[in-house]
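Structure record follows, encoded as structure tokens.
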Amino acid sequence: MRYVSTRGRAPVADFTEVLLAGLAGDGGLYVPESWPQFVDADWRALRGLPYAEMAARVMRPFVGDTIPFAVLQRLCGEAYGGFGHPAVAPMIQLDSNLWTMELFHGPTLAFKDMAMQLLGRLFDHVLGEQDRRVTIVGATSGDTGSAAIEACAGRERVDIVILHPHGRTSEVQRRQMTTVMAPNVSNLAVEGTFDDCQDLVKAMFSDAAFRGEMKLSAVNSINWARVAAQIPYYVAAALALGAPDREVAFAVPTGNFGNVLAAWAARRMGLPVKRLVIGSNRNNILSRFLTANDMSMLPVEPSLSPSMDIQVSSNFERLLFELLEHDGAATASVMARFRAEGKMPVPEAAWRRAAGLFRAFTLDDAGTLAEIRRLHAASGYLADPHTAIGIAAARACADPVVPMIAMATAHPAKFPDAMEMATGIRPGLPARLADLYDREEKYTVVPADLAAIEAKVRAFAHRNAA
Ligand SMILES: *Cc1c(COP(=O)(O)O)cnc(C)c1O
């Protein structure tokens, strides 16, 4: 399998190169040069397999011959063996034609673990083969940082430094990061906002000397391997409800477009997916695009579903490249105009292709609370605010004959205040995290100053490399 950049000017790369690089050298995102095709017999052969084994088989064509299949099987086994449910991503029926698939049984109780748990192990394996180390740095307002820390904790070849805004994350989110005691994990609490943290990370990557010295790397949501690791659960859900002999539809609460892009990829590989429904909170750039071809940036407004508070959906560029029929120059020019003018000029024909498959649905905070309450009253199910938006989107776009699966992206205990507001119930953490509030924390408070933070990263990485 070879990968090309969506902007058409970076060298072709293989899976391990794409894994370690993240972003392509021309500023684009890596995508498969051509999509693997599974025929009905291939899908049927996956029925009934344990999740980890099924995942390895679905990912095999994307990994190609860069990692032996037996190694991929072992890494998947280890990644998903640590989940809190034997099915890894169990499904629950909510209504006559509506299911939810719970993607939150990993160590940080959010769907990002589904990809990150495998990614950390893939990094360690590939770096070991090449006898290299990297220092992963990232900024987080909450979920991504904890998933990355859990994925990298204790890995031999990786040090990880995560910046979070001091005093501005929820207590659950902070504790999920700061109570991880592995020696290769460092948490920096920056005296500033999330934007300051992001700017500081960008500045570290732009400092070429520092970047080289520290061998900086990232595991952000534009890494292709994360998308690839999210394809298998769409396959699992579809197979469970009768694919390939029956079409299904998915509803996905969406921020950076990574999760729903994996559903699109599964369809591109031949999975019979009739419809993809995107749920947004009031930050609804994707809904505006799908209903009116209006992809224009607006200021981000905070909501009860913070992991979907985005201005730009970074993974959308991958879909755009497909809609523009793999024309890298055209994709680059649309993206350049988007950056310059704040509005993406998507050609009418390309927009029609997207609007034919995707549906979009927007729900504000009041609607989200009402949906959580309604769902709990109707079925007893407690859906977190992100998941509730996906379920509301699924209901709004239901098709009487096609089973719909709404992806549940976070455990309700991660958002106890919203849950209590909606239902009066404060959901408890699962048993394996029940002592989170009693665990010892470790983090360093630092000023929002590049030199000070680079000094911390240097001291930490050198100590660990020695
Ligand atoms: C990250 C996240 C999302 C959005 O996923 P994307 O891949 O960015 O679209 C939705 N819900 C939760 C709980 C998340 O953590």
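Whatever order the structure lists ligands and atoms in, that order sets their numbers, starting from 1.
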Run the ring-ring contact (aromatic ring centres under 6.0 Å, His included) check on Y51 and F83 step by step: do they pass? CA-CA 11 Å; Y51 186 86; F83 276 55; 7.9 Å; no
Do [X] and [Y] have side chains that approach each other closer than 4.5 Å (heavy atoms only, starting at C-beta)?
X: T6; Y: L320; result: no
X: H85; Y: E102; result: no
X: N281; Y: T368; result: no

Quick one: nearest non-hydrogen protein atom to atom 5 (O) of ligand 1, plus distance?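 Nearest neighbour among protein heavy atoms for atom 5 (O) of ligand 1, to 0.1 Å: F111 CE2, 3.4 Å.
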Does ligand 1 have an atom that lies less than 4.0 angstrom from a heavy atom of S221?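 S221: no contact with ligand 1 (<4.0 Å).
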Provide the number and element of each atom of ligand 1 under 4.0 Å from a heavy atom of [X].
X: A410; value: 13 (C)
X: K112; value: 1 (C), 2 (C), 3 (C), 14 (C), 15 (O)
X: T254; value: 9 (O)
X: T409; value: 10 (C), 11 (N), 12 (C), 13 (C)

Run the salt-bridge test on R57 and E53 with the 4.0 Å N-O cut-off and return the result as yes or no.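 Looking at E53 together with R57, the answer is yes, because their closest N to O distance falls below 4.0 Å.
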D399 with R275: basic N within carboxylate O range, under 4.0 Å: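 Here D399 does not pair with R275 in a salt bridge, since their nearest N and O are not under 4.0 Å apart.
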Selection from N256, T108, I389 by shortest heavy-atom distance to atom 6 (P) of ligand 1: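 Residue with the shortest heavy-atom distance to the ligand atom: N256.
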Could you tell me whether some N/O pair between [X] and ligand 1 is separated by less than 3.5 angstrom?
X: G255; result: yes
X: G258; result: yes
X: N259; result: yes

Proximity to ligand 1 by part of F257, non-hydrogen separation under 4.0 Å: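 Near ligand 1, F257 shows its backbone, while the atoms from C-beta on stay back.
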If you count every heavy atom of other residues, nucleotides or ligands that lies below 6.0 Å from R439 atom CZ, does the total exceed 12?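 Atom CZ in R439 is crowded, with more than 12 foreign heavy atoms closer than 6.0 Å.
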I need the D364 CG to L304 CG distance, nearest 0.5 Å.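 Result: 9.5 Å between the selected atoms.
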